[in-house]
Protein chains: 2
Amino acid sequence: MSQRDFVSADEVARRAGVSRSAVSRAFTPGASVSDATRQKVLQAAEELGYQVNHLARGLMRNESGIVCLIVSDVATPYRSTLLRELTLQLQLAGKVAMLINTDRSDGSVNRALEQAIRYRADASVILSGLPDKSITELCLRSGQRLVLINRDEDQSGALHINLDDWEAASRVVTAFMRAGCSRLAFANSEAGTPSLMAREEGFIAAAREHGLDVIVERHGSTGYEAGRVVAQRLLTRKERPDAVFCATDLLACGLMDAARHQFSLSIPQQLCIVGFDDIEQASWSSYRLTTFAQPIGAIAREAVAWLSQGGVADGRSLTLQADLIWRDSVRGG
Amino acid sequence: MSQRDFVSADEVARRAGVSRSAVSRAFTPGASVSDATRQKVLQAAEELGYQVNHLARGLMRNESGIVCLIVSDVATPYRSTLLRELTLQLQLAGKVAMLINTDRSDGSVNRALEQAIRYRADASVILSGLPDKSITELCLRSGQRLVLINRDEDQSGALHINLDDWEAASRVVTAFMRAGCSRLAFANSEAGTPSLMAREEGFIAAAREHGLDVIVERHGSTGYEAGRVVAQRLLTRKERPDAVFCATDLLACGLMDAARHQFSLSIPQQLCIVGFDDIEQASWSSYRLTTFAQPIGAIAREAVAWLSQGGVADGRSLTLQADLIWRDSVRGG
DNA sequence: GCAGCATTTGCACACGCTTGCAAAAAGCGC
DNA sequence: GCGCTTTTTGCAAGCGTGTGCAAATGCTGC
C-alpha cells in the first residue's frame, strides 16, 4: 500500500497558531469558537488540504455518518432508480452510502452485512427482495435505524414505507371493466414479497367485488423472462384472458412481447395490460404501458429525513399512493 | 440517536481470560497467536456478539477497506449492471463499497467525493460519465488507488480498463458491408466520453478504408430519447441511411423504435442497426439487437484484483475485447 | 479600576483498535 | 536438569479525533 500521509488537525493547529481543540471545534457546527479563530483555522486547513478524518470522528462520536443500502437485483430498472434517488438524497443530507449487494443467496449476504456493521453504520435501508428476517434483526440489534421499503414485515422501531397496493389494484379492476374486459388474469413471480402479494390479493378481492374471477400465474423471479413464461401459460388457455395485471413492469414487458410476437395479439385491442413501477422502458414506444408510478422521490426523501433526524426515532409506517399513468396498453384511457 | 453500545475487545478479552492484544491478534490473519487462545477468543466473541470496529482498525492501519464507486447515471442498464458486478466482487474480496452519485453536476459531486476521502477510502473506481479531471486528481492526491473504466485519459499510476472500441467499430463496418449496406451512419450523444468517441472515430476510419462516408449525428446525453431525436434527423434525409451504428444500446433502442413506429421502416430489411453494451433490453424480442457485449465480469474482476493487491500497485492499461452478439437487427447474421 | 458575567481556549482524557518490544512460556537436544 | 531457539503473550504507545472542565479572556455597567 502506498504511504498515504494525510494532514492532521495538529498540523492545521500549528499553522493557524491555535490549539488542536480549536481545529476540531472549527469543523463542528455549533461548537464554541470565535469567528476569528474559525476563520484562521479554515484558511490553514484550506492551504494544507486538510480533511477531517471521519474514521476518527466516527470513533469518538459513536456515529459514523454511514448509511448502508441493502439491495438485491441492483441492475433492475426499478431498483437502480430507487438507488439513484436514495444516494442523491443521502448526499444532500451529508451522509454517505455503503452498498450491500445481496444477490448471492449464499452466506456472502450475511458476511457483507456484518461487514457494514463493523463500520458502525448508523442506519440501513432495505430494498432487498429476500425477506430475510435475520438480517433486519441483526441491524436493529446493532443499534441501527432501519428503513424498510415495500416490505411490511412488522418490525417495530423501523420506518416502513409502503405503497397502497390494494387501492392501486382495485383501480386496475375498474379500468379493465371500463375497457370491457371480463376474463381477468394476474401475472406474478414466485418471489412472494409482501408488496407483490398485496397487489395480487388486492386485485383478486376487487375483482370478486365485481363478481369476476382471476386467473393467477406465478413464475420464477420478477423479470422479463418470467413474463414470457407466464404469457405462455396464460395465452394458451381455452378461455384466453383479455386483461392482465402484471405485478411488475418487467413482467409486463415480457408478457407483452410474447403476446405480440408469439401469439400475434394486438394490444390493447385483444389484450389489455397494466404494469407496476413505471420503469423507463414502460414509456418506450414499443410498449407504451399503462402502469403505476411509484413516488420514488418521495420515498427517498422520507427515508433520508427519518433516518437523519436527531433524537430518538420511533417506528413509523408510511403509506404512499402510486400514480396511475395512462398510456396505450388499456382500451379507453 | 439511540444509545448504541457495542461490545469492545476489552470485554471479549476479559471473558476469554486473555489480554486485549490477544483479541486483536485473533482477528488479524497471520498474526502471532496460538491456536488455543485464538479459539478461546473466537468463542468469547461469538457469545458476546463482538464485531471488530473497522473505524478504529482503519484508523490504526491507515487502510480503511473502503472502495468508493464514483458513478453517474446509476439507473442506466449498463451502469447498474457494472455496479452489481463490482459490488459483488468487492464483497468477495472482503472490501466494502461506498457509492458516490455524480448525477448532479453542481458542487455536490465534489462534496460527495470529499466525503469519501474523509472516510479514507483506499481506492476509487470511476465509471462516471463526466470526465472531470479534478476528481481523479483529488483521488490520487489523497493516496487512493484509482481504476478508470472506459475513459482513457492518461492518468499515470491508475489502472485503465478499456475496450478495443476501434476493433469493434471496424467489425461493424464489415458486417454492414456484408449485409449490402452502403449508406452508413453513426448515432452518438454529445457526451464526448473517450470510449464513445473512439467508437465513432473507429467506425469512420474503417468505413473510409472501404471508400465509404459516414453521416454522424450527435444529440443530448446517451439515452433512449437521444436515439429518437437522432433518428428524426437521420431518417428524414434525402439520402436515407440503410445502416446505423449506435454508440450505445439505449440510443439504438430509441432509434429503432422511431424507425419502426414513426417511419414505418422494417428492420433489418430497410435499416440495419448495431448497438453497444448488450444491455438486457437488447435481447428483448421487441428489439433483438445485434450488439457488442462488454466483458463486465472480467472488468469487475480485474478492477478488484488490482486494487486489492498488496504492495505498490503501479499504473497499468488493460484493453479487453467486446463480444459481437448477433441477433436480428442486421441482415445475414 | 473593579466586580460580575458570558464567551473562548487549552489541557487532558477518552474512543477502540494495532503493533513494536521485551518478557514469559514453550519446545528441543542432550 | 540445563542452555538454546522459537513461539506466544502482555504492556504501553500510538492512530486522529471530540469534549468536559477549569482557566483565561473579553465584555458590561458602575
Side-chain angles (χ1 to χ4, degrees), chain A residues 1 3-41 44-45 48-66 115 117-122 142-143, chain B residues 1 3-41 44-45 48-66 115 117-122 142-143:
Chain A
M1 190 70 28
Q3 55 264 27
R4 323 164 56 188
D5 71 297
F6 294 92
V7 299
S8 71
D10 272 308
E11 308 176 47
V12 178
R14 243 186 322 262
R15 182 177 190 107
V18 298
S19 78
R20 210 188 41 70
S21 345
V23 177
S24 183
R25 286 193 252 259
F27 283 97
T28 304
S32 168
V33 217
S34 70
D35 264 356
T37 45
R38 162 165 276 144
Q39 286 314 319
K40 274 193 294 185
V41 170
L48 266 52
Y50 169 72
Q51 300 278 89
V52 179
N53 185 333
H54 272 49
L55 299 181
R57 167 176 279 186
L59 192 54
M60 270 304 296
R61 289 213 184 137
N62 198 24
E63 184 184 334
S64 61
I66 297 174
Q115 196 75 343
I117 286 181
R118 296 196 183 106
Y119 285 96
R120 301 301 189 250
D122 297 331
S142 70
Chain B
M1 188 71 28
Q3 53 264 29
R4 324 166 54 189
D5 70 297
F6 293 92
V7 298
S8 72
D10 271 309
E11 309 177 46
V12 178
R14 244 189 317 266
R15 180 173 190 111
V18 298
S19 77
R20 205 201 9 270
S21 344
V23 177
S24 183
R25 287 193 254 257
F27 282 97
T28 305
S32 168
V33 216
S34 69
D35 265 356
T37 46
R38 164 165 274 143
Q39 286 314 318
K40 274 192 294 185
V41 170
L48 267 52
Y50 170 73
Q51 299 278 89
V52 180
N53 186 333
H54 271 50
L55 300 180
R57 169 176 279 186
L59 193 53
M60 269 305 298
R61 290 211 182 140
N62 198 22
E63 184 184 332
S64 62
I66 296 174
Q115 196 74 343
I117 287 181
R118 296 196 183 106
Y119 284 97
R120 302 300 190 248
D122 298 331
S142 70

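We name chains A, B, ... by the order of the sequence lines, and we start the count at 1 in each one.
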Return the polar atom pairs (N/O with N/O) between nucleotides 14-21 of chain C and the protein under 3.5 Å, or none.
unit_1, atom_1, unit_2, atom_2, d
C/dC17, OP1, B/Tyr50, OH, 2.6
C/dC17, OP1, B/Asn53, N, 3.4
C/dC17, OP2, B/Ala9, N, 2.5
C/dT18, OP1, B/Arg57, NE, 2.5
C/dT18, OP1, B/Arg57, NH2, 2.7
C/dT18, OP2, B/Ser24, OG, 2.1
C/dT18, O5', B/Ser24, OG, 3.2

Worksheet entry | Euclidean distance, A/Ile117 CD1 relative to A/Ile66 CD1, rounded to 0.5 Å | 12.5 Å
Worksheet item: In Å and rounded to the nearest 0.5 Å, what is the NZ to CZ distance from B/Lys40 to B/Arg15?
Response: 13.5 Å
Worksheet item: Backbone N or O of B/Ser8 within a donor-acceptor pair of the B/Glu11 side chain at under 3.5 Å?
Response: yes
Worksheet item: Who passes side-chain contact (heavy atoms from CB on, under 4.5 Å) against B/Arg20, sequence neighbours left out?
Response: B/Ala9, B/Asp10
Discussion item. For A/Val41, is there any backbone N or O sitting under 3.5 Å from a side-chain donor or acceptor partner on A/Tyr50?
Written reply: no
Response to the item:
Contacted region of DNA chain D by chain A, from 5' end to 3' end of the hits, cut-off under 4.0 Å to heavy atoms, spans D/dG16 to D/dG20
Worksheet item: Less than 4.5 Å apart, any side-chain heavy atom of A/Arg38 and any of A/Arg25?
Response: no
Worksheet item: Just wondering, do A/Thr28 and A/Arg57 contact through their side chains at under 4.5 Å, heavy atoms?
Response: yes
